[in-house]
Amino acid sequence: MQINSDFEFHIKLVIIGDSGVGKTNFIFRFTDGHFSPLHVTTVGFDYKSKIIKLNSSKKRVKLQIWDTAGQERYMAINKNIFQKVQGIIIMYDLTKRSTFENLDRWFNLVTQNASNKPKILVANKLDLAEGKRIVTEEEGQKVAKEYDIPFYEGSGSSGDNVDEIFNKMAEMVYKNLIDEKDNIQTNTKLNTKQEKKKCCK
Ligand code: GDP
Ligand code: MG
């Protein structure tokens, strides 16, 4: 966590999921407000940033969103990313069942490398739902419930739910950071008490 005059917190996130589900465009839509109909694997960026204001605390938070830039093709994600980030968005494409079926593998990867970090499940390409939907909303909800995480359907193309998803993620990470800080403070207080007890018995 960094303190800066423009913002009070720095939160790092990553979006994972099969190649082609729309991760890169989803990040672009959020940070730059646009969408490219072309597959943007060639653009190549490590991460993009945007400052937002949390609804709950009115704190200004700088979100740094990491892209997996093609590494997801063979699920060959550099595992260091999971140590770096504080929140993870797991995405599938509601018009392509294989991307939904591969969720278990993505969740396994997350469980192995970042088990207790906040997560959100996102079904992308909601703009194509009418006519091209293959995975129902209920199916997505069921998986999210199994893992006990929030679920959204959205679209990097139309922008539906994009801000909502990043806001929700930021709120979850922020709450986690505050809880951790409280725990550290409580533990320090307890330790000091114990020290005192030890010292003055
Ligand atoms: P990535 O491999 O997960 O990073 O996916 P990309 O962002 O490169 O997108 C893959 C393809 O899906 C591109 O052709 C995009 O134009 C298309 N795409 C991405 N998001 C959406 C969406 O929300 N709606 C529609 N209709 N197409 C999308
Ligand atoms: Mg990409």
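For ligands, and for the atoms within them, numbers begin at 1 and follow the listed sequence. The structure presented is a predicted model; accordingly, all values stated were derived computationally and were not measured. Only this structure's heavy atoms are used, side chains among them; waters, hydrogens and symmetry mates stay out.
Closest to atom 20 (N) of ligand 1 by heavy atom, among Tyr92, Phe26, Phe35, is Phe35. The closest heavy-atom contact to atom 4 (O) of ligand 1, among the options Thr24, Ile27, Asp127, comes from Thr24.
Aromatic pair Phe107/Tyr147: ring centres closer than 6.0 Å.
Only the side chain of Asn124 comes within 4.0 Å of ligand 1, judged by heavy-atom distances.
Between the side chains of Ser155 and Asp127, at least one donor-acceptor pair of N or O atoms lies under 3.5 Å. No side-chain N or O of Asp93 forms a donor-acceptor pair with one of Asn124 less than 3.5 Å apart.
The aromatic rings of Tyr47 and Trp66 sit tilted relative to each other, their planes meeting at an angle between 30° and 60°.
Counting only distance, with no hydrogens or angles, the side chain of Lys119 and the backbone of Lys117 share a donor-acceptor pair below 3.5 Å.
Ion pairing between Glu139 and Arg133 fails under the 4.0 Å rule for side-chain N and carboxylate O. Comment: Lys23 engages Glu72 in a salt bridge, judged by a side-chain N to carboxylate O separation of less than 4.0 angstrom.
Close approach of ligand 1 to Leu128 (heavy-atom distance below 4.0 Å) involves ligand atoms 26 (N). Atoms of ligand 1 lying under 4.0 Å from any heavy atom of Glu72, numbered from 1 in the order shown and given with element: 2 (O).
Residue Gly20 has at least one nitrogen or oxygen atom sitting less than 3.5 Å from a nitrogen or oxygen atom of ligand 1, judged on distance alone. For ligand 1, the polar-atom distance check finds no N/O of Leu126 at less than 3.5 Å from any of the ligand's N/O atoms. Taking only nitrogen or oxygen atoms, main chain and side chain alike, Lys23 reaches within less than 3.5 Å of ligand 1.
For residue Thr24, an N/O/S atom approaches the Mg ion (ligand 2) to within less than 2.8 Å.
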